[in-house]
Amino acid sequence: MTYKPKSEFLHVMQTRGFLQDCTDLEGLDDRLLKGVVPAYIGFDATAKSLHVGSLIQIMMLRWLQETGHQPLVLMGGGTTKVGDPSFRADERPLLTEDQIDANIAGIKQVFSAYVTFGEGASDARMLNNAEWLDNLNYLEFLRDVGRHFSVNRMLSFESVKSRLDRDQSLSFLEFNYMILQAYDFMELNRRYGCLLQMGGSDQWGNIVNGIDLSRRILKSEVYGLTSPLLTTSDGKKMGKSADGAVWLNADMRSPYEFWQFWRNTTDADVGRFLKLYTELPLDECDRLGALEGSEINDAKITLANEITTLAHGTEAATTAEATAREVFEKGGVGDDLPTVLLPATDVGEAISIVQLLVKSGLAGSGKEAKRLIADGGARLDDAAVTDAGLMVSAQALTQSVKLSAGKKRHALARISG
């Protein structure tokens with residue numbers, strides 16, 4: 001029989017689809033009922049924004065705060081210098097401290113839309129593990145912490161084993177990552193009373209390591225909880241689209257493009273995504289997810305509006321929907337479409353349609369643009385493009401021209417200045 005949590009937080013996690021595994025579900029449930037539980041999720045600062053692949057973890061922290069507990073957002077200022085090897089085929093590129101600091105500043109913008117930071121008992125805090133990792137004494141660390149780790153056990157973790165099974169190199173630098181993450185949990189417990197680490201199911205081994213280390217050294221009772229690794233119904237990993245990562249920061253992915261990503265959700269994913277990425281009541285999520293035919297499009301618009309409102313605000317969601325209706329229903333241009341500004345020197349007297357499709361991000365390469373044209377998927381100002389040699393004059397580009405790739409992806413292009 002499935003355990004039914006009494007605490008509001010675990011009830012939300014279970015009923016909305018966030019809960020994969022927990023180290024001690026009943027024990028955590030009891031602790032959540034006794035008072036505020038500080039809990040953390042770690043995010044390495046490998047880019048200036050997180051993308052939608054991290055949104056399930058962000059929503060977990062949001063629900064944690066909304067049910068009366070404290071989110072600790074741990075930025076990996078220290079661990080980013082090492083790189084998490086989990087389920088990667090190669091080593092992550094190493095970043096400078098300035099790059100890492102700039103990335104952390106960008107990521108804080110993301111979280112400010114989802115949780116409330118402050119000094120109260122349930123107010124979120126953004127922490128940086130460089131605070132305790134940067135000045136570690138290596139010999140002391142080996143003696144006091146390293147002795148608690150079994151290499152045999154570490155090699156058995158799926159994140160490491162899968163890499164070795166493919167005969168792909170795993171550097172000693174990366175191998176240390178799981179020890180550092182375990183140390184993070186212990187330090188967060190010691191410094192901030194953190195009782196729970198959450199993360200994707202690929203982090204299970206790292207989380208268990210941290211729990212074990214905290215119990216051994218601090219004699220603390222701490223917990224771990226993981227969410228499913230989310231893929232779309234057609235097996236694709238969340239976070240990517242046809243034209244690259246779906247970033248959460250508006251300066252890296254416009255609110256319109258963000259809205260459109262969710263509007264293009266496949267029918268089979270609508271109900272599940274409504275539960276995970278919005279705060280609509282469960283019965284409404286089920287009702288919308290069960291719609292069929294043309295009605296499911298209304299559910300997708302609701303999904304896009306709700307998620308965009310959380311990430312970018314109500315005005316951005318309203319504007320994005322209005323732009324989509326202008327573009328798709330009325331055949332208009334839509335002022336909020338992503339726009340590429342072309343220097344006059346790049347255009348000269350004219351520029352090829354192939355180059356325009358590439359520069360606008362609607363095609364990843366000239367070869368892809370030509371294939372799009374050959375397949376009948378390219379349009380210029382809503383007219384089909386049949387000639388890959390078509391040149392668009394500089395005069396035409398003094399005003400915005402509309403480019404389309406298929407029915408769902410659009411952009412504007414014009415000469416800057």
Side-chain angles (χ1 to χ4, degrees), residues 1-5 7-26 28-29 32 39-44 50-67 69 71 73-74 84-88 110 114 157-163 178 181 185 196-211 223-241 245-246 248 261-262 265-280 282 285-286 288-290 303 306-307 310-311:
M1 181 177 173
T2 303
Y3 177 76
K4 293 184 178 179
S7 64
E8 186 182 1
F9 175 66
L10 284 183
H11 175 73
V12 169
M13 292 297 99
Q14 188 177 78
T15 57
R16 298 189 80 96
F18 289 96
L19 182 58
Q20 174 85 6
D21 288 302
C22 183
T23 54
D24 180 2
L25 192 60
E26 293 187 42
L28 176 58
D29 198 25
L32 286 160
Y40 95 96
I41 300 178
F43 301 87
D44 276 346
L50 300 175
H51 59 59
V52 298
S54 296
L55 194 51
I56 189 169
Q57 273 75 50
I58 295 171
M59 289 300 294
M60 289 168 77
L61 290 172
R62 180 178 173 87
W63 279 114
L64 183 82
Q65 187 171 54
E66 292 198 353
T67 55
H69 303 284
V73 181
L74 181 65
D84 184 358
S86 298
F87 298 96
R88 285 183 60 88
V110 172
Y114 289 91
F157 289 141
E158 189 60 34
S159 58
V160 173
K161 192 170 177 289
S162 62
R163 182 98 157 252
M178 63 181 74
Q181 186 169 326
F185 196 178
L196 171 65
Q197 181 183 358
M198 302 186 291
S201 59
D202 61 332
Q203 295 298 316
W204 179 256
N206 292 334
I207 290 172
V208 170
N209 272 337
I211 291 171
Y223 307 90
L225 183 151
T226 62
S227 62
L229 285 184
L230 203 63
T231 58
T232 57
S233 57
D234 55 3
K236 294 179 181 176
K237 190 175 180 180
M238 286 295 293
K240 301 288 185 180
S241 70
V246 183
L248 297 173
F261 171 79
W262 296 104
T265 296
T266 57
D267 295 2
D269 289 324
V270 172
R272 183 168 56 128
F273 287 0
L274 282 164
K275 291 178 182 178
L276 290 170
Y277 299 125
T278 81
E279 295 177 327
L280 291 178
L282 287 171
C285 296
D286 287 332
L288 290 167
L303 175 72
E306 292 290 326
I307 299 177
L310 282 176

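Every value quoted in this text rests on a predicted model; they were computed, and no experiment measured them.
In this structure, CD1 in Ile211 is found 7.5 Å from CD in Gln197, a value given to the nearest 0.5 Å. Annotation: the span from Gln203 atom CD to Gln57 atom CD amounts to 8.5 Å, rounded to 0.5 Å. In this structure, OG on Ser201 lies 11.5 Å from CG on Leu19, to the nearest 0.5 angstrom. Rounding to the nearest 0.5 Å gives a distance of 6.0 Å between OG1 of Thr226 and CD1 of Ile207.
Between the side chain of Thr23 and the main chain of Gly224, a donor-acceptor pair closer than 3.5 Å is present. Between the side chain of Gln14 and the main chain of Tyr3, a donor-acceptor pair closer than 3.5 Å is present. Put simply, the side chain of Arg16 gets close to the backbone of Thr278: a donor and an acceptor are under 3.5 Å apart. In terms of modelled atom types and a separation under 3.5 Å, the side chain of Thr265 and the main chain of Val270 share no donor-acceptor contact.
The minimum heavy-atom distance between Ser54 and Phe43, with the atom names listed, is CB-CE2, 4.3 Å. Of all the heavy atoms in Gln181 and Tyr40, the pair that sits closest is O-OH, 3.9 Å. Between Gly289 and Leu274 the shortest heavy-atom distance is N-CD1, 4.5 Å. In terms of heavy atoms, Asp29 sits closest to Ser7 at OD1-OG, 2.6 Å. Summarising the geometry of Phe18 relative to Leu276, their closest heavy-atom pair is CZ-O, 3.1 Å, with the distance given to 0.1 Å. Across Ala39 and Leu64, no two heavy atoms sit closer than the pair CB-CD2, 3.7 Å.
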Going through the distances and angles, do Gln20 and Leu229 end up as a side-chain contact (heavy atoms from CB on, under 4.5 Å)? CA-CA 9 Å; Gln20 174 85 6; Leu229 285 184; over 6 Å; no

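Counting heavy atoms from C-beta outward, Val52 and Trp262 have side chains that approach closer than 4.5 Å. Side chains of Leu196 and Leu32 form no contact here, defined as non-hydrogen atoms less than 4.5 Å apart. Asn206 places none of its side-chain heavy atoms less than 4.5 Å from the side chain of Phe185. By the 4.5 Å heavy-atom criterion applied to side chains, Leu310 and Met59 are counted as neighbours. Within the 4.5 Å cutoff, side-chain heavy atoms of Leu61 are placed close to those of Met198. Using a 4.5 Å cut-off on side-chain heavy atoms (C-beta onward), Leu230 and Tyr277 make contact. Counting heavy atoms from C-beta outward, Leu225 and Met60 have side chains that approach closer than 4.5 Å. Using a 4.5 Å heavy-atom threshold, the side chains of Trp63 and Glu279 count as touching.
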